**Q** 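One structure, as structure tokens, below. Some questions next.
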There are 2 protein chains.
Amino acid sequence: MAQPDTVTRILDTAEVLFAERGFAETSLRNITSKAKVNLAAVNYHFGSKKSLIQAVFARYLDPFTERFHRALDDLEARHARDGSEIPLEELLETMARTVLEVPAERDSLKVFMRLLGLAYSQAQGHLRGYIQSQYGEAFTRFTELVRRATPELPDAERFWRLHFILGSVIFTLSGLDALRDIAEHDYGERVSVHELVQKMRPVVVAAMQAPLPD
Amino acid sequence: MAQPDTVTRILDTAEVLFAERGFAETSLRNITSKAKVNLAAVNYHFGSKKSLIQAVFARYLDPFTERFHRALDDLEARHARDGSEIPLEELLETMARTVLEVPAERDSLKVFMRLLGLAYSQAQGHLRGYIQSQYGEAFTRFTELVRRATPELPDAERFWRLHFILGSVIFTLSGLDALRDIAEHDYGERVSVHELVQKMRPVVVAAMQAPLPD
DNA sequence: AACAGTTTGAAACATGCGTTTCCTTACGCC
DNA sequence: GGCGTAAGGAAACGCATGTTTCAAACTGTT
């Protein structure tokens with residue numbers, strides 16, 4: 001079994017350690033020693049630690065945005081034919097499916113979700129800027145479709161509700177393992193990610209369709 | 001105007017810097033220089049950086065849990081008299097009110113929320129353990145009351161929905177400033193925290209009352 | 001006024017960090 | 001076969017960190 005090359009070994013190790021402890025708490029020495037790679041290799045191949053962090057994200061987000069755009073293309077084309085609007089459920093479904101598909105191929109959903117959570121909360125400045133510049137367009141496209149699917153909602157209201165939901169999803173899936181352990185201990189049954197997404201579905205729809213506040 | 005004493009100056013400064021940049025990214029030198037206090041003062045008064053972090057949390061969470069327990073005592077006593085169950089809305093309302101009350105006195109809701117978000121995501125190990133051991137009981141009490149208020153929900157389902165909501169709240173309120181800026185820029189009106197809580201109310205209720213998944 | 005205990009201050013300590021340097025090894029090409 | 005470029009390895013650099021030390025300043029008590 002030939003080892004994967006240095007760049008891949010660094011990325012594989014780095015994403016796991018970042019997901020476990022965060023960026024600042026993970027040193028290049030942690031990464032390189034666990035990856036069985038020379039310390040200087042990170043700076044040689046990636047330039048700096050910041051660039052390594054961005055590369056870790058790009059490895060997930062590049063395929064994600066590509067698939068996501070393709071999926072939205074399909075969805076739009078299909079509904080353009082009969083002139084109907086894309087229903088909210090289909091949009092949410094597409095988003096969920098794509099989020100799950102990408103890391104599924106490497107069995108790393110947990111890592112991907114933790115990284116998303118970190119990107120949001122640890123917001124290293126440079127990371128937030130990078131993600132916004134590289135992947136903001138996909139999010140903008142999605143929200144515009146959601147707008148057309150929920151014309152009854154005031155714009156500001158829809159904005160906030162989308163972020164409520166985003167919070168639920170990232171929070172839950174990024175703390176997945178810990179929560180799942182508690183749930184298993186307290187209620188005896190271990191849920192799969194698939195089941196969890198199933199549980200979220202009606203909640204998310206209900207959240208979007210909740211009555212307006214007085 | 002006499003300066004507050006050293007311990008208070010350290011805590012006041014530390015909580016702001018922690019909330020802005022996180023724990024690892026904030027050095028003792030950052031804190032002590034901004035607080036105009038000697039570097040050694042942190043180790044003298046708190047023992048270590050870890051203990052300082054815990055002290056920052058305790059200054060919010062101690063009053064919070066005390067008030068929260070008192071508020072739940074009231075609620076239980078009031079309903080014990082006529083034998084009725086406490087409705088879900090009242091429980092959520094009590095939680096929200098207490099969360100808002102404590103930092104309101106020091107005009108630091110933003111800081112408190114960011115800290116909660118960090119506690120969850122940056123989970124420094126020691127912090128999670130500390131918070132769980134010190135304040136887990138209050139959360140347990142609350143969930144038990146929610147259980148009685150929503151007897152139609154399977155236990156596991158309620159568990160997960162509570163965490164969906166917890167995610168929404170922490171995520172939204174901890175990223176409050178950034179989100180509010182975006183919302184203001186895109187939709188023109190700046191919402192107050194009070195208005196935001198008002199927006200969350202129907203969403204949260206709808207989430208708890210959503211139909212069960214197939 | 002003198003003393004004991006507490007708090008502050010400046011400096012040093014040891015350590016771990018990201019990064020750079022420089023040398024060796026490996027590989028592809030004329 | 002030798003040469004040029006790419007990759008790997010060992011060591012060091014400069015710096016920032018949390019923590020400790022120890023003397024000076026302060027505080028309250030007798």
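Since the model is a prediction, treat every value here as computed from it, not as a measurement. Heavy atoms only: backbone and side chains are in, while hydrogens, waters and symmetry mates are out. In what follows, chains are A, B, ... by sequence order, proteins preceding strands, each numbered from 1.
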**Q** Under the side chain to side chain donor-acceptor pair (under 3.5 Å) rule, collect the residues that match up with Arg67(B), sequence neighbours excluded.
**A**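 In terms of side chain to side chain donor-acceptor pair (under 3.5 Å), with neighbours along the sequence ignored, Arg67(B) is linked to Glu101(B), Glu105(B).
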**Q** Under 4.0 Å from any atom of DNA chain C, heavy atoms only: list the residues of residues 37-45 of chain B that qualify, in numerical order.
**A**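 Going residue by residue through residues 37-45 of chain B, the ones with a heavy atom under 4.0 Å of DNA chain C turn out to be Asn38(B), Ala40(B), Tyr44(B), His45(B).
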**Q** Tell me every residue that passes side chain to side chain contact (heavy atoms under 4.5 Å, CB included) with Phe139(A), counting only those two or more places apart in sequence or in another chain.
**A**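 Phe139(A): side chain to side chain contact (heavy atoms under 4.5 Å, CB included) contacts with Thr143(A).
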**Q** Rounded to whole Å, please give me the gap between CG in Leu28(B) and P in dG16(C).
**A**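 After rounding, the reported distance stands at 17 Å.
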**Q** Between Ser27(A) and dC17(C), is there a side-chain N or O to OP1/OP2 distance below 4.0 Å?
**A**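 For Ser27(A), the contact criterion (side-chain N or O under 4.0 Å from OP1 or OP2 of dC17(C)) is met.
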**Q** Which whole-number value in Å describes the distance from Asp5(B) CG to dT8(C) P?
**A**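 Atom CG in Asp5(B) sits about 8 Å away from atom P in dT8(C).
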**Q** Counting only distance, no hydrogens or angles, is the base of dG16(C) paired donor-acceptor with the side chain of Arg29(A) under 3.5 Å?
**A**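 Counting by modelled atom types and ignoring angles, no donor-acceptor contact under 3.5 Å is found here.
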**Q** Nearest whole angstrom, please: distance from the P of dG18(C) to the CD1 of Ile31(A).
**A**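 Taking CD1 of Ile31(A) and P of dG18(C), I get 8 Å after rounding.
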**Q** Rounded to whole Å, please give me the gap between NZ in Lys49(B) and C1' in dA16(D).
**A**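 It works out to 11 Å between those atoms.
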**Q** Check whether any side-chain N or O of Ser48(B) sits under 4.0 Å from OP1 or OP2 of dG18(D), and answer yes or no.
**A**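 Negative; the distance criterion is not met.
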**Q** For Tyr44(A) and Thr6(A), test the side chains for any donor-to-acceptor distance below 3.5 angstrom and give the result as yes or no.
**A**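 Thr6(A) and Tyr44(A) do not have a side-chain donor-acceptor pair below 3.5 Å.
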**Q** Does dA7(D) have its OP1 or OP2 closer than 4.0 Å to a side-chain nitrogen or oxygen of Thr6(A)?
**A**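 No, because none of the side-chain N or O atoms of Thr6(A) sits under 4.0 Å from OP1 or OP2 of dA7(D).
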**Q** What orientation do Phe159(A) and His163(A) show, parallel under 30°, tilted 30 to 60°, or perpendicular over 60°?
**A**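 Rings of Phe159(A) and His163(A): tilted, as their planes differ by 30° to 60°.
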**Q** Which residues satisfy the side chain to side chain contact (heavy atoms under 4.5 Å, CB included) test with Val56(B), sequence neighbours excluded?
**A**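 Val56(B): side chain to side chain contact (heavy atoms under 4.5 Å, CB included) contacts with Leu11(B), Ala14(B), Glu15(B), Phe18(B), Leu52(B), Leu115(B).
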**Q** Decide salt bridge (charged side-chain N to carboxylate O under 4.0 Å, His left out) for Arg158(A) and Asp155(A); before the verdict, give the C-alpha distance in whole Å, the side-chain angles of both, and the deciding distance to 0.1 Å.
**A** CA-CA 5 Å; Arg158(A) 181 172 40 244; Asp155(A) 285 351; 2.5 Å; yes
**Q** I'd like to check the ring pair (Phe, Tyr, Trp, His ring centres under 6.0 Å) partners of Phe164(B); sequence neighbours left out, ordered by chain and number.
**A**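 Residues passing ring pair (Phe, Tyr, Trp, His ring centres under 6.0 Å) with Phe164(B): none at all.
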**Q** May I have all residue pairs that pass salt bridge (charged side-chain N to carboxylate O under 4.0 Å, His left out) and include part of residues 130-143 of chain B, sequence neighbours excluded?
**A**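 Output for this query lists Asp73(B)-Arg141(B), Glu76(B)-Arg141(B).
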**Q** For Asp177(A), check side chain to side chain donor-acceptor pair (under 3.5 Å) against everything at least two apart and list the hits.
**A**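 For Asp177(A), the residues satisfying side chain to side chain donor-acceptor pair (under 3.5 Å) (neighbours in sequence not counted) are Lys110(A).
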**Q** Quick one: side chain to side chain contact (heavy atoms under 4.5 Å, CB included) partners of Gln54(A), sequence neighbours excluded?
**A**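 Side chain to side chain contact (heavy atoms under 4.5 Å, CB included) check on Gln54(A) returns His126(A), Tyr130(A).
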**Q** If you look only at pairs with a residue in residues 27-40 of chain B, which of them pass as a salt bridge (charged side-chain N to carboxylate O under 4.0 Å, His left out), with sequence neighbours excluded?
**A**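 Found none.
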**Q** Please report, rounded to the nearest Å, how far the C1' atom of dT17(D) is from the CZ atom of Arg21(B).
**A**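 Roughly 14 Å, once rounded to whole Å.
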**Q** For a quick check of understanding: with a heavy-atom distance under 4.0 Å over all strands, which category does Thr26(B) fall into, base, sugar-phosphate or nothing?
**A**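 The residue Thr26(B) makes sugar-phosphate contact but no base contact.
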**Q** Whole angstroms only, please: what is the CZ-C1' distance between Phe46(B) and dT6(C)?
**A**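 Rounded to the whole Å, the gap is 16 Å.
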**Q** List, with names and distances, any nitrogen or oxygen atoms from the protein found under 3.5 Å away from nitrogen or oxygen atoms belonging to nucleotides 25-28 of chain C.
**A**
none

**Q** Taking only residues two or more places apart in sequence, or in another chain, which ones meet Tyr135(B) in a ring pair (Phe, Tyr, Trp, His ring centres under 6.0 Å)?
**A**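 Counting only residues at least two positions away or on another chain, Tyr135(B) forms no ring pair (Phe, Tyr, Trp, His ring centres under 6.0 Å).
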**Q** For Ile53(A) and dC17(C), give me the distance from atom CD1 to atom C1', rounded to whole Å.
**A**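 To the nearest whole Å, that distance equals 14 Å.
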**Q** Got a list of protein N/O to nucleotides 22-29 of chain D N/O distances below 3.5 Å?
**A**
none

